[in-house]
Amino acid sequence: MNKTNSKQLLEKLNDQYVKVHKQYEHLYWLFYMGDQTVEKKFNQATKELDDFRSNQVLAGQVQEALMVVSLDSRLRGNDRNKEIKKSLEVWKDFFKLYQAPQELNDLKKEIIALESKILVQQNTRKEGYLDPLTKKFVKASVNKMGALTRTHDNEKIRKACFVAREQLAIDCLDDFIKLVGLRNEYARKIGFEDFYDYKLQTVEKMTKKEVFEIFENIYQKTKYAFEDIRKLEITIPGLRKPWNFSYRMAGDFTKEEEKYFPFDQALMIWGKTFAGLGLHYNQGTLQLDLLDRAGKHNNGFCHYQDLVQYNKGKWLAGSADFTCNVVLGQLGSGKQGLHTLLHEGGHAADRLNSRQKEVVLNTEYAPASVAWAETHSQFCDALLGSIEWLMRYTKDQAGLPYSLELFERKVKKLKPLAPLGMMSIIMVSQFEKEIYEAKNLTRAKVLEIAKRLYKKYFDFTEDSWLALSVPHIYAWDSSAYYHGYGLSELAVFQWREYFYNKYGYIVDNPRVGKEMIELWKLGSSKTFQEFVKMATKKKLSADSYLKVVNRSVEETLALAKKRIKRLQTVPSFNKKINLKAKISLVHGKKTITTNAQGFEKMAEEYAKWLKK
């Protein structure tokens, strides 16, 4: 195989991957948006994507080509094959991640089918709660019941929603236990300790010991806050009941904040925020499906049907689809929708700005790091907690900005919760780690682990199987994944500290966006820890996170006022919004509006549609 043949091989690999990836992602979107008729096609597309990734013939061809170009370089004594060799190394590493014996094909097929079965059951089941007042069943999605548990004024309704969600958490338990066994069998047959070990080492290039030492360090340095909550319960009776906690601590604030987060203004806030930072989508295409509905997957995500790619040397922009489950009219829904636009919008901007020649470095799948991907999305949604951003970008109907006095009251009341911010992430991560490590897993064992860890990381008065409610654990790509949110949280705090130290402000600072985009261009060409050091000039640690969450009320408020004052010297973004993207707002298979006539016109038309 000569240099020309190596180039042809690389073109073939990129072309073939783009095709199987697009077919998979197209059907993924339809299936997860509620079209159950494509289930068989989706399963087949999943198999074809897996078959490509684990193709031993293609892996052998890459290995052979790599040997030829390496030998050619040595014989000629020059580096003329450097770029081809680098590309072949990418594909060599890619195939190595997914190699599995042919005899595991049937096992993977069984796993895919079981995951689909669970998804269909969850998306088509009867959801709702028994009204304690009328004794009648009330239809409500999991997401709506979650919102009611946090915001409804009647404790009996809140408890009824909590109880209903608990029952839904275990309705696929037997299939889940079987799924855990099959995944472990797969992982062990390719040389890993268990499925969690396989996913962590494959995706993050980290060991369980590394990750859970970090988490244990955080737990030990923040668990003191549980005692503070118990003291609060003396003055707030029933506080530690799970259906009371969010309501009693933050329910009033949710109501007070509602006027600042009308969902019909969320698009404009997102657009201005990103434009002010200099963030964009690199001529890509976006499709957004934002409202909750029956049959739709109950968790937000961002996927990419068209990968950023080079075709015969010509760069082609990519596309991204992202979604959430806003329950229109529900208290807190506007803020939830804006959170999604910032979070999933950050994901999309990351991948669509990648400039890698080999398409496998432009996807959200390994060798991509979950933690690094979540760093971008969480960096963007972290703005929701920044008072200087709130006062600039959120306004009530009278045009008045977010109240500093409200922010001060929130800090004073909710500061005891700040040290506990990572507990839910650690709990889910620890839950998955333990179930994959468990011998002879049973219903009783799973429920015991779930309840024990809930008690440890929440310290509520009632038991819960909350970990089983997390959608991520039921799908191959997002299972044994949750630690990525925790690691990225540390990276976000570290990155924000870096930007504040360097520039003094983040909001409406295009230099921040420029630094982010430069890193996004690198796609998945580095590991998570390498990227963090490049971004923040420091190794990953929990130091920045712990500094912020353990900060006193007085220090927190003083810093907030300093940042407000600094931002007053920075001009607001007041130009037309151009995110360098073709954007469509859809509801299922119906297109509501696009930005063909401008972002502002699209936002206006979507707002009108919401009010119909």
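Keep in mind that this is a model prediction, so the values were computed, not measured.
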Atom NZ of K455 with >12 non-hydrogen neighbours under 6.0 angstrom: yes
Side-chain H-bond candidate by donor/acceptor type, D289 with Y32, under 3.5 Å: no
H303 and its side-chain hydrogen bond (donor to acceptor under 3.5 Å, both in side chains) partner, picked from E344, E364, Q287: E364
Heavy-atom pair of closest approach, residues Q283 and A317: O-CB, 3.4 Å
Expected output: side-chain E166 to main-chain W465 donor-acceptor under 3.5 Å: yes
Heavy-atom neighbours of K533 NZ exceed 12 at 6.0 Å: no
Pair Y457 and Y219, ring centroids less than 6.0 Å apart: yes
K537, NZ: over 12 other non-hydrogen atoms inside 6.0 angstrom: yes
Working for side chain to side chain contact (heavy atoms under 4.5 Å, CB included), residues R511 and Y505: CA-CA 10 Å; R511 291 173 294 179; Y505 70 104; 3.6 Å; yes
Side chain to side chain donor-acceptor pair (under 3.5 Å) between Q305 and D321, intermediate numbers included: CA-CA 7 Å; Q305 290 196 40; D321 304 318; 2.8 Å; yes
Over 12 foreign heavy atoms within 6.0 Å of NZ, K255: yes
Audit row: L420, F226, side chain to side chain contact (heavy atoms under 4.5 Å, CB included) steps and yes/no: CA-CA 8 Å; L420 304 178; F226 288 131; 3.8 Å; yes
Intermediate values then yes/no, side chain to side chain contact (heavy atoms under 4.5 Å, CB included), F212 and Q430: CA-CA 8 Å; F212 287 93; Q430 184 69 33; 3.4 Å; yes
Derivation and outcome, salt bridge (charged side-chain N to carboxylate O under 4.0 Å, His left out), residues K561 and E408: CA-CA 10 Å; K561 291 173 182 176; E408 289 175 338; 3.3 Å; yes
is_close_aromatic(Y482, H472), centroid dist under 6.0 Å: yes
More than 12 heavy atoms of other groups within 6.0 Å of K144 NZ: no
Set of salt bridge (Lys or Arg N to Asp or Glu O under 4.0 Å) partners for D459, sequence neighbours left out: R230, R240
NZ/K415: more than 12 non-hydrogen atoms of other groups inside 6.0 Å: yes
Short side-chain donor-acceptor distance under 3.5 Å, E374 and S377: yes
Salt-bridge criterion met for D252 and R409 (N-O under 4.0 Å): no
Pi-cation contact, Y500 with R563 (under 6.0 Å, within 45°): yes
R183 to F195 six-membered ring, cation-pi geometry met (6.0 Å, 45°): yes
Exercise: identify the closest heavy-atom pair between S319 and L352: N-CD2, 3.6 Å
Side-chain donor-acceptor pair present, Y196, H483, cut-off under 3.5 Å: yes
Within-4.5 Å side-chain heavy-atom neighbours: W520 and N282: no
Derivation of the salt bridge (charged side-chain N to carboxylate O under 4.0 Å, His left out) call for R452 and E434: CA-CA 11 Å; R452 170 169 48 80; E434 289 196 26; 2.7 Å; yes
For T340 against C324, the heavy-atom pair lying closest together: OG1-CB, 3.0 Å
Contact summary for V492 and A382, nearest pair of heavy atoms: CG1-CB, 4.3 Å
Donor-acceptor side-chain pairing of E462 and Y454 below 3.5 angstrom: no
Parallel, tilted or perpendicular: rings of W389 and Y393 (30°, 60°): parallel
Partners passing salt bridge (Lys or Arg N to Asp or Glu O under 4.0 Å) against E555 (at least two apart in sequence or in another chain): none
Aromatic plane relationship, F460 with F245 - under 30° parallel, 30 to 60° tilted, over 60° perpendicular: tilted
Non-neighbouring partners of D477 that pass side-chain contact (heavy atoms from CB on, under 4.5 Å), sequence neighbours left out: Y24, Y365
Pair E193-Y436, side chain to side chain donor-acceptor pair (under 3.5 Å): steps then yes or no: CA-CA 9 Å; E193 176 187 329; Y436 285 110; over 6 Å; no
Lys/Arg N to Asp/Glu carboxylate O, K209 vs E213, below 4.0 Å: yes
Check: S403 side chain, E405 main-chain N or O, donor-acceptor pair, under 3.5 Å: yes
Among F379, F531, Y545, ring-ring contact (aromatic ring centres under 6.0 Å, His included) partner for W495: F379
Full working for side chain to side chain contact (heavy atoms under 4.5 Å, CB included) between M391 and F407: CA-CA 10 Å; M391 292 185 70; F407 177 80; over 6 Å; no
Nearest non-hydrogen partners of L579 and A275, listed with the distance: CD2-N, 3.9 Å
F274 and W270 aromatic ring geometry - parallel, tilted or perpendicular at 30°/60° bounds: perpendicular
Neighbour count above 12 (heavy atom, 6.0 Å) for K580 NZ: no
Heavy-atom closest contact (L277 atom, D508 atom, distance): CD2-N, 4.2 Å
Pair T273-R392, side-chain donor/acceptor within less than 3.5 Å: no
